[in-house]
S.K.: 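Below is one structure. I have some questions about it.
The first residue in the sequence is number 1, and the count goes up from there.
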Amino acid sequence: MIPYLPPLQTLRAFEAAARHLSYTRAAQELSLTHGAISHHIARLERDLGGVRLFVRDGQRMLLTDAGQVLVLEIRAGLQQLLNALDSARAYIAPRQLTRTLTVSVLSSFAARWLMPRISAFQAANPEVDIALRPTAALATLDSRDGVDLAIRYGPGQWPGLNALRLMKSFTFPVCSPVLLSSTPITKPEDLMRVTLLRSPRQRWSPWFQAAGLDMPEPTQGPSYDDAGLLLQAAISGQGVALARSVIAADDLAAGRLIRVCDVQVEDRYGWFIAWREPLRCERQDFDAFRCWLEKEAAIADSIGL
């Protein structure tokens, strides 16, 4: 049977007070009150049969001989406890340790679709740390770049990688409510008299064809390489943009953008999660993130966004 020991908090309070020679600074370090430190010291002195641990010398507080001996032994004991805990942690299986899952993703997708949703994943999976790397460059998904998986927009076939389709992608014209109120657009032909925002990554021609418009690909007007910037230009009223459904989803839901025609075209590309086997990250981290992405993507697909 282990004999009675003072509470650990009492021993820590004494050690801090002895190190600082101040109840006030000890209280600040341990997030306690001055009175709590004083109570712990008085309790420890009672447990020791009335031995004094501190004395006053004018404005200074000093350790007694007994206090000096005791603090050295307590520090050694606390260090031994820390060593014992570290030794126990060494037996934790690697799969139980929190690991960071590094995800490469397009900036536009990260800002307009992933970031508004990812807090829900983190709340449900606090043991999984997600590190996002927004970039247009294709990650190698190997030891060269430290990326574990990628969310990509493309054909879904990348040499050496596994790919899982998340969502279809549709394109349709959008603009700001202010622009639409000043320039009514009720049919596809009305687009011939408005500024069309351009992107080298998203041509207008397929949509023109689907809408029955005999119009050439625009060669004038603002052009944006990034899909997020393209939509921001439309939100600010610069013109009508050809939006990808997934990227525009939240702006449409919030009323910052409005679809100006019912005609839409399904992209030959889609949104995929891609990875290389074997994953360098822990498998359960990947599975948790993949399942969450699939669930969110299914919701988006079900409402056509």
S.K.: Could you tell me whether the side chain of D251 and the main chain of R256 form a donor-acceptor pair under 3.5 Å?
M.R.: no
S.K.: Quick check: does any side chain N or O of R152 sit under 3.5 Å from a backbone N or O of G154, one acting as donor and the other as acceptor?
M.R.: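 Not at all, since once roles are kept as given, no pair shorter than 3.5 Å links the two residues.
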S.K.: Kindly give the heavy-atom pair with the smallest separation between L179 and S182, and that separation in Å.
M.R.: O-OG, 3.0 Å
S.K.: Should V103 and R133 count as side-chain neighbours, where that means a heavy-atom distance under 4.5 Å?
M.R.: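 With C-beta onward as the side chain, the pair stays apart.
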S.K.: Quick check: does any side chain N or O of R276 sit under 3.5 Å from a backbone N or O of L141, one acting as donor and the other as acceptor?
M.R.: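 The answer is yes, because a donor-acceptor pair under 3.5 Å joins these two groups.
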S.K.: Take D145 and T140, measure what side-chain hydrogen bond (donor to acceptor under 3.5 Å, both in side chains) needs, and give me the verdict at the end.
M.R.: CA-CA 7 Å; D145 59 12; T140 61; 2.9 Å; yes
S.K.: Hey, does the side chain of N125 reach the backbone of E127 with a donor-acceptor pair shorter than 3.5 angstrom?
M.R.: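 No, because the side chain of N125 does not come within donor-acceptor range (under 3.5 Å) of the backbone of E127.
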S.K.: Looking at K168 and D267, is any side-chain nitrogen of the basic one under 4.0 Å from a carboxylate oxygen of the acidic one?
M.R.: no
S.K.: Is a side-chain donor or acceptor of S181 paired with a backbone partner of V178 at a separation under 3.5 angstrom?
M.R.: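 At least one qualifying donor-acceptor pair exists.
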S.K.: Verify, without hydrogens or angle tests, whether R290 (side chain) and L293 (backbone) share a donor-acceptor contact under 3.5 angstrom.
M.R.: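 Looks like no, no N/O pair under 3.5 Å.
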S.K.: Any chance you could lay out the side-chain hydrogen bond (donor to acceptor under 3.5 Å, both in side chains) test for Q220 and R198, step after step, and finish with the verdict?
M.R.: CA-CA 8 Å; Q220 295 183 333; R198 301 178 297 133; over 6 Å; no
S.K.: Carefully, step by step, assess F208 and V263 under the rule side chain to side chain contact (heavy atoms under 4.5 Å, CB included).
M.R.: CA-CA 9 Å; F208 289 158; V263 178; over 6 Å; no
S.K.: Looking at every non-hydrogen atom in both residues, tell me the closest pair between D57 and R60 and how far apart they are.
M.R.: OD2-NH2, 2.6 Å
S.K.: Salt bridge check: are E29 and R25 linked by an N-O gap of less than 4.0 Å?
M.R.: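 Looking at R25 together with E29, the answer is no, because their closest N to O distance does not fall below 4.0 Å.
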S.K.: Do you reckon W292 sits in the same ILVMFWY cluster as F286, going by side-chain contacts under 4.5 Å, direct or chained?
M.R.: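 Yes, W292 and F286 fall within the same hydrophobic cluster.
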S.K.: List the steps, then state whether side chain to side chain contact (heavy atoms under 4.5 Å, CB included) holds for V71 with F14.
M.R.: CA-CA 8 Å; V71 73; F14 167 66; 3.8 Å; yes
S.K.: Please find the pair of heavy atoms, one from A13 and one from L30, that lie closest to each other, and give the distance.
M.R.: CA-CD1, 3.7 Å
S.K.: Could you report the tightest heavy-atom contact between Y269 and P155, atom names first, then the distance?
M.R.: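 For Y269 versus P155, the nearest heavy atoms are CD2-N, 3.5 Å.
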S.K.: In a check of ring pair (Phe, Tyr, Trp, His ring centres under 6.0 Å) between W271 and each of F170, F109, W113, which one passes?
M.R.: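 It is F109, the one option of F170, F109, W113 that forms the ring pair (Phe, Tyr, Trp, His ring centres under 6.0 Å) with W271.
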S.K.: Could you walk me through whether L53 and L70 satisfy the side chain to side chain contact (heavy atoms under 4.5 Å, CB included) test, starting with their C-alpha distance in whole Å, then the side-chain angles of each, then the deciding distance to 0.1 Å, before giving a yes or no?
M.R.: CA-CA 9 Å; L53 299 174; L70 182 61; 3.9 Å; yes
S.K.: Please check this pair: side chain of Q202 against backbone of R244, looking for a donor-acceptor N/O pair closer than 3.5 Å.
M.R.: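 Side chain of Q202 to backbone of R244: no pair is present.
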S.K.: Run the salt-bridge test on R193 and D190 with the 4.0 Å N-O cut-off and return the result as yes or no.
M.R.: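 Here R193 pairs with D190 in a salt bridge, since their nearest N and O are under 4.0 Å apart.
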S.K.: Please check if the side chain of S199 supplies one atom and the backbone of Y224 the other of a donor-acceptor pair under 3.5 Å.
M.R.: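 Yes, S199 side chain to Y224 backbone: donor-acceptor pair under 3.5 Å.
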S.K.: Any luck finding a side-chain donor-acceptor pair between Q232 and R112 under 3.5 Å?
M.R.: yes
S.K.: So for atom CD, which belongs to Q68, do other residues, nucleotides or ligands contribute more than 12 heavy atoms lying within a distance under 6.0 Å?
M.R.: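 Correct, the count exceeds 12.
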S.K.: Can a donor-acceptor pair be found between the side chains of Y23 and Q28 at a distance below 3.5 Å?
M.R.: no
S.K.: Using modelled atom types only, decide if a donor and an acceptor are shared between the side chain of W204 and the backbone of L197 within a distance under 3.5 Å.
M.R.: yes
S.K.: Checking side-chain polar atoms at under 3.5 Å, does W275 have a donor or acceptor matched by the opposite partner on E277?
M.R.: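 Indeed, the side chains of W275 and E277 share at least one donor-acceptor pair under 3.5 Å.
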S.K.: Is a side-chain N or O of E217 found less than 3.5 angstrom from the main chain of S205, in a donor-acceptor match?
M.R.: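 Between the backbone of S205 and the side chain of E217 there is a qualifying donor-acceptor contact (under 3.5 Å).
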S.K.: Checking side chain to side chain contact (heavy atoms under 4.5 Å, CB included) for the pair I247/L106: CA distance, chi angles, key distance, verdict?
M.R.: CA-CA 11 Å; I247 302 299; L106 284 172; over 6 Å; no
S.K.: Looking at R117 and D250, does any basic side-chain N land under 4.0 Å from a carboxylate oxygen?
M.R.: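 Looking at R117 and D250, the cut-off is met.
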S.K.: Quick check on the hydrophobic clustering: are I41 and L8 connected, directly or via other members, by side-chain heavy-atom contacts under 4.5 Å?
M.R.: yes
S.K.: Less than 6.0 Å separating the ring centroids of F121 and F289?
M.R.: yes
